[in-house]
Amino acid sequence: MIKITLPDGSFKEFEQGVTPYEVAQSISEGLARNVLVAKVNDVMVELDRPINEDASLVLFTWNDREGKDTFWHSSAHLMAAAIEELYPGVKFGIGPHIETGFYYDIDFMDYPISADDFPKIEKKMQELASQKIRFIRKDVCKKDAIDYFTKKGDEYKLELIDGLEDGNITFYESGAFTDLCRGPHLHDTSVIKAIKLLKTAGAYWRGDEKRKQLTRIYAVTYPKKKELDEYLALLEEAKKRDHRKLGKEMELFTFSQRVGAGLPLWLPKGAALRDRLEQFLRKVQKQYGYQQVITPHIGNVNLYKTSGHYAKYGADSFRPITTPQEGEEYFLKPMNCPHHCEIFASRPRSYKELPLRLAEFGTVYRYEQSGELHGLTRVRSFTQDDAHLFCTSDQIKEEFCKVIDIILYIFKTLKFENYKAQVSLRDPNNKSKYIGTDENWEKAQNAIIEAAAEKGLNTVEVEGEAAFYGPKLDFMVKDAIGREWQLGTVQVDYNLPERFELEYTDADGQKKRPVMIHRAPFGSMERFVAVLLEHTGGNFPLWLTPDQVVILPISEKYMDYANKVKAALDEFDLRATIDERNEKTGRKIRDAETAKIPFMLIVGEKEEADGTVAVRRHGNVNDGTMPLNDFVQLINGAIKEELA
């Protein structure tokens, strides 16, 4: 008999060779119906994998992340099987699960492929799924694996096999389709009920622009049609909220091929919005003792060699800039932190100056491949709301608490109400890959955990996710339609102070190394504006929105009064424009709704005679007619409440 320990600490005894599915059956028939995959002694396995020794066991259903990942990975194999049957001779790259759904990179050879082919592929997938085809795992020696895919003529799989060690190669068979795969997989295809192919995209093999471009097909599957329908409705809502679409409609930013891919151009309204965000954070940072600095957009290549960024970002950076002086090279700045280290080192420092908090809205440059660029969320030039805190190890916890306060204030003000924090710790079983002493790591990790607990954060601790130079705290935010984004990072760094030999004089007169904390509540201005656009659907908070008020004269006769209203609003520092077009009022209202302008003031003969304005809010809310001073009190009160 062997002992199987369950997640709650209880255990059951079974005959040797029991499978995870049989254990699920022994617990309940309901669990057996719903279980999709298992983890035995921290190794993910199929439900029919025999267990031959005492083991810990975790069973996963569709409600678990691991269950969804396995469901979608198996669905990728199902899609590949359908495509191979419909398009004989095609070649396959990789087909992983992703956050929602899966994709497969495919060389379709001479077959034309487009969204018009999706219904045919979906129908074939449904047909195969209904056949309850088993996923069968097979251990294969390297020679046999090479022979199989050589005979099949699939050079992509052969290249993958070349990087694998003999004895660690497995195939998965599902009907007539065989794939190179680590697994695990579903027991069979019968649980895959609802199928939707979503889109195609180009994908260079292994991410190399010099290699062949394959066709990437994105798709999603569900165990119930209702869940698929809900997801497709979510996608439609996401399209409406797409920051690229809203940014164009609201005239916030644009891109130009003449300027260059991935280099955003901020239009007047977008620049003003971004400036307000910066001023908002500057004001908060000033209250917490931050000092603004400004650093150049380039630096000598030796600066980034010292910091290690040259080795890390060299392949993903723009080429070095040469000068007329032989051997002199500069680099477009990939990070702000090396410059801030040099500011710290610019003169002797005392413990009395610590913590020293240096902040900068610093623009950095990284060469993203063209296929990776996406609106403002993935660009080649972006501005980080960067700050670097130089402190003693005893000050880490207090500084983390203060940074958490700043981040939570930002979330509250901008109505990000659903968030969690991940504490990324070092791997206790592999300490050799981290820099710094055990004492410093323990102190830093405990400081982060305690700070998060004191602030009441919903946290998850993940071992092995820390950077080699220190633990960190990442904030994951869900937007208005449930998508998760990473916003806000706080990170301890023992590495850069060592590399730059930073020192301060302690109270005992001894030279000591400071600890460095990186933090960026927004992350980058570009990405944050994109996330905020999609979170709000373009309906920014009143204090932030580019145009707070649009004045709509019902005809040219009332332009003089409209200008008087605007002048009065200008005196109260309210952002107002006048729609001077010779259009009907209804058309002007519709256009103001599209532009997401919070307030419309309609003025005509009666309003001019009475010195009033007819107030209409975005979303077809009519506030009626009121004196202009009453409207000013209304809008200022709303702004004050938002920033409270």
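Everything numeric here is computed off the predicted structure, so don't read it as measured data.
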Can you see which heavy atom on Leu496 is nearest to which on His518, and at what distance?
-> CD1-CE1, 4.0 Å

Minimum-distance pair of heavy atoms, taken over all atoms of Arg241 and His535 | NH1-O, 2.8 Å

Distance (rounded to the nearest 0.5 Å) between Asp591 CG and Met600 CE | 10.5 Å

Any donor-acceptor pair under 3.5 Å from Arg616 side chain to Ile602 backbone = no

How far apart are the closest heavy atoms of Lys196 and Leu228, and which atoms are they?
-> CB-CD1, 3.9 Å

Determine, for Tyr494 and Arg513, whether the Lys NZ or Arg CZ falls below 6.0 Å from the six-membered ring centre while staying within 45 degrees of the axis.
-> no

Value rounded to 0.5 Å, distance of CD in Glu534 from CG in Asp242 | 5.5 Å

NZ on Lys472 to CG on Leu425, rounded to 0.5 Å | 11.5 Å

Examine distances only and state if a side-chain atom of Glu607 and a backbone atom of Gly604 form a donor-acceptor pair shorter than 3.5 Å.
-> yes

When rounded to the nearest 0.5 angstrom, what is the spacing between CD in Glu583 and CG in Leu552?
-> 12.0 Å

How would you list, by chain and number, every residue that makes a side chain to side chain donor-acceptor pair (under 3.5 Å) with Glu360, sequence neighbours excluded?
-> Thr295, His340

Where do Leu414 and Pro541 come nearest, in terms of heavy atoms and distance?
-> CD2-CG, 3.9 Å

Quick one: list whatever passes ring-ring contact (aromatic ring centres under 6.0 Å, His included) with Phe522, sequence neighbours left out.
-> Phe528

Under 3.5 Å: donor-acceptor pair, side chain of Arg575, backbone of Pro546 | yes

Mark yes or no for whether Glu353, through its side chain, and Ser350, through its backbone, hold a donor-acceptor pair below 3.5 Å.
-> yes

Nearest non-hydrogen partners of Tyr290 and Val403, listed with the distance | OH-CG2, 3.8 Å

How about Thr459 and Glu461: does a side-chain donor come under 3.5 Å of a side-chain acceptor?
-> no

Would a distance-only check, ignoring hydrogens and angles, find a side-chain to backbone donor-acceptor pair under 3.5 Å from Gln395 to Thr392?
-> yes

Does the Lys588 side chain pair with the main chain of Asp579, one donor and one acceptor, at a distance under 3.5 Å?
-> yes

Heavy-atom closest pair, residues Asp385 and Gly523 = OD1-N, 3.0 Å

Is the count of non-hydrogen atoms from other residues, nucleotides or ligands lying under 6.0 Å from Glu556 atom CD greater than 12?
-> no

For atom NZ of Lys478, is the number of surrounding heavy atoms from other residues, nucleotides or ligands below 6.0 Å larger than 12?
-> no

Going by the angle between their ring planes, with limits at 30° and 60°, are His374 and His243 parallel, tilted or perpendicular?
-> perpendicular

What distance do Asp623 atom CG and Leu601 atom CG have between them, rounded to the nearest 0.5 Å?
-> 10.0 Å

Just how far is it from atom CD1 of Ile448 to atom CG of Leu473, taken to the nearest 0.5 Å?
-> 6.5 Å

If you draw a 6.0 Å radius around CD in Glu605, do more than 12 non-hydrogen atoms from other residues or ligands fall strictly inside?
-> no

Tell me whether the centres of the aromatic rings in Phe599 and Phe631 are closer together than 6.0 Å.
-> yes

Any donor-acceptor N/O pair, Gln548 side chain to Leu542 backbone, under 3.5 Å | yes

Where does the angle between the aromatic ring planes of Tyr222 and Trp62 fall among parallel (under 30°), tilted (30 to 60°) and perpendicular (over 60°)?
-> perpendicular

Which word best sums up how the rings of Phe280 and Trp543 line up, parallel for under 30°, tilted for 30 to 60°, or perpendicular for over 60°?
-> tilted

